[in-house]
Number of protein chains: 2
Amino acid sequence: MNYTNDANQLREFIRLLERKFGILEKSEVSCCGVTFSQCHAIVEIGRAKNISLNELAETLGLDNSTMSRTVNNLVTNGMAEREIDPADRRYVTIKLTESGHKIFEGIETAMNLYFKRVYNNIPDDKKEQVIESLYILLEAIGRNECCK
Amino acid sequence: MNYTNDANQLREFIRLLERKFGILEKSEVSCCGVTFSQCHAIVEIGRAKNISLNELAETLGLDNSTMSRTVNNLVTNGMAEREIDPADRRYVTIKLTESGHKIFEGIETAMNLYFKRVYNNIPDDKKEQVIESLYILLEAIGRNECCK
DNA sequence: TAAAATACTTGCATTTTGCAACTATTTTGT
DNA sequence: ACAAAATAGTTGCAAAATGCAAGTATTTTA
C-alpha cells in the first residue's frame with residue numbers, strides 16, 4: 001500500500017467535502033434571511049441555550065471583537081439578547097430571543113433533514129462504517145494537533 | 001438502529017471536521033504570506049497549470065467578479081499572470097509565475113505533510129475503511145444534490 | 001489594596017464577497 | 001451574412017467579516 005498516495009487521496013476527499021459543505025452553507029444562509037456569520041452564531045447560541053461571548057468566539061474560532069460585533073447584529077435585529085452575568089459581571093450571557101429561536105429551529109430542521117437524506121443515501125451495510133470512520137478521522141486529526 | 005440519531009451523529013462529526021479544517025486553513029494561510037482567498041486561488045491554478053477565470057470561479061464556488069479581483073491581486077503581487085486565449089479571445093488563461101509556483105509548492109508540501117500525518121494516525125487496519133467511507137459519503141452527498 | 005488578569009467593546013484598516021452594469025468577443029438564428 | 005443572443009471577463013458599488021490594538025469594567029491575586 002502506498003501511504004503517500006493514500007494520504008493524498010485523504011486530502012483530496014476532504015477537499016471535496018469542504019467544497020460541498022461550503023455550497024451547502026451558502027444555500028442554507030440564503031434561505032434563512034441571516035448572514036453567514038449570524039447563522040453560525042445562532043446555531044451555537046441555540047445549542048448552548050446561553051453562552052458567554054468568550055466561549056462563543058472560542059467555539060467558532062473567531063476573535064472576540066468579531067464575535068462581539070456579530071452578536072451585536074443579532075441583538076439589533078431582535079434575534080438575541082445580552083445579559084450581564086450577576087455572578088461575574090465581566091461575563092455577558094448571550095441567549096436567543098423567541099424570534100431568534102424560530103430561526104434557529106428553521107436552520108436545525110433544514111440541516112437535520114439534509115443530513116438525514118445524505119445518511120439514507122449511504123448503503124445500509126456501510127452506514128455504520130462511515131460514521132465510525134468519521135470518528136476515527138477526527139481522532140487522527142486531534143492526535144496530530146496535540147503534538148506539533 | 002435509529003436513523004435520525006445516526007444522521008445527527010453524521011452532522012455532528014462533519015461539523016467538527018469543518019471546524020478542524022477551518023483552523024487548519026487559517027494557520028496555513030498565515031504561514032505563506034498570502035491571504036485566504038489568494039491561497040485557494042493559487043492552489044487551484046497550480047493544480048490546473050492553466051485555467052480560465054470562469055473555470056476557476058466555478059471550482060471555488062465564487063462569483064466571477066470576486067474571482068477576477070482575487071486574480072488581479074495575484075497578478076499585482078507577481079504570483080500569477082493573465083493571457084488572452086488566442087483561440088477564443090473572450091477567455092483569459094491564468095497561470096502561476098515562478099514566484100507563484102514556489103508559494104504553490106510550499107502550500108502543497110505543507111498540506112501533504114499534514115494529511116500524511118493524519119493518515120498515519122489512523123490505525124493500520126482502519127486506513128482503507130476511512131478512505132472508502134469518505135468516498136461513500138461524497139457519493140451520498142452527490143446523490144442528494146442531483147434531485148432536490 | 002495596588003497590580004495583574006480577564007471579559008468584553010470600539011476604532012480602524014483590510015479582505016472578501018456578490019449584484020448590476022459595462023466591454024469585448026463569439027455563436028446562433030433567420 | 002449579419003443582427004441578436006450568449007459568453008467571458010472587468011469594474012463600480014455596497015455590505016459583511018475579520019483581526020489587531022487600545023480602550024473600559026470587573027474580578028483575582030500577590
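If you're wondering where the values come from, they're calculated on a predicted model, not measured in any experiment. Order of the sequence lines sets the chain letters (A, B, ...), proteins ahead of strands, with each chain counted from 1.
For A:D63, the side-chain atoms get nearest to D:dG19 when compared with the rest of C:dT9, D:dG9, D:dG19.
Listed pair A:R69 / D:dA16 fails the phosphate criterion, with no side-chain N or O lying under 4.0 Å from OP1 or OP2. Taking side-chain N and O atoms only, B:S68 has a distance below 4.0 Å to OP1 or OP2 of D:dT10. Put simply, B:K26 has no side-chain N or O that comes within less than 4.0 Å of OP1 or OP2 on D:dT18. A:T35 has no side-chain polar atom (N or O) that falls below the 4.0 Å cut-off from OP1 or OP2 of D:dA16. Side-chain nitrogen and oxygen atoms of A:T66 include at least one within less than 4.0 Å of the OP1 or OP2 phosphate oxygen of D:dG19.
B:N64 comes within contact range of at least one nucleobase, with a heavy-atom separation under 4.0 Å.
B:E83 places its CD atom 14 Å from the P atom of D:dT10, with the value rounded to the nearest Å. Taking atom CD of A:Q38 as the reference point, atom P of D:dA15 lies 14 Å away to the nearest angstrom. The separation between A:F36 atom CZ and D:dT18 atom P is 8 Å, rounded to whole Å. The CD-C1' distance, from A:E25 to D:dA16, rounds to 15 Å in whole Å. Distance CG (A:D88) to C1' (D:dA25): 11 Å, rounded to an integer number of Å. For the pair A:L56 CG and C:dA7 P, the computed distance is 14 Å after rounding to whole Å. The CD-P distance, from B:E55 to D:dG9, rounds to 9 Å in whole Å. Residue A:D85 contributes atom CG, which lies 9 Å from atom P of D:dT27 at whole-angstrom precision.
The closest side-chain heavy-atom distance from A:M79 to A:V34 is below 4.5 Å. Contact of the A:N120 side chain with the A:K127 side chain is registered, since non-hydrogen atoms from C-beta on lie closer than 4.5 Å.
For a distance-only test at 3.5 Å, the side chain of A:S65 qualifies as a donor-acceptor partner of the base of D:dC20.
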**Request:** Would you please test B:Q129 and A:S133 for side-chain hydrogen bond (donor to acceptor under 3.5 Å, both in side chains) and show each step?
**Result:** CA-CA 7 Å; B:Q129 163 188 330; A:S133 295; 3.0 Å; yes

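Remark: side-chain polar atoms of A:T76 are paired, donor with acceptor, to backbone N or O of A:N72 under 3.5 angstrom.
Between A:R90 and A:T70, the residue anchored nearer the 5' end of DNA chain D, judged by the nucleotide with its closest heavy atom, is A:T70. Taking the nucleotide of DNA chain C with the nearest heavy atom to each of B:R89 and B:G61, the more 5' of the two is matched to B:G61.
By the 30° and 60° cut-offs, the orientation of the rings of A:F13 relative to B:Y135 is tilted.
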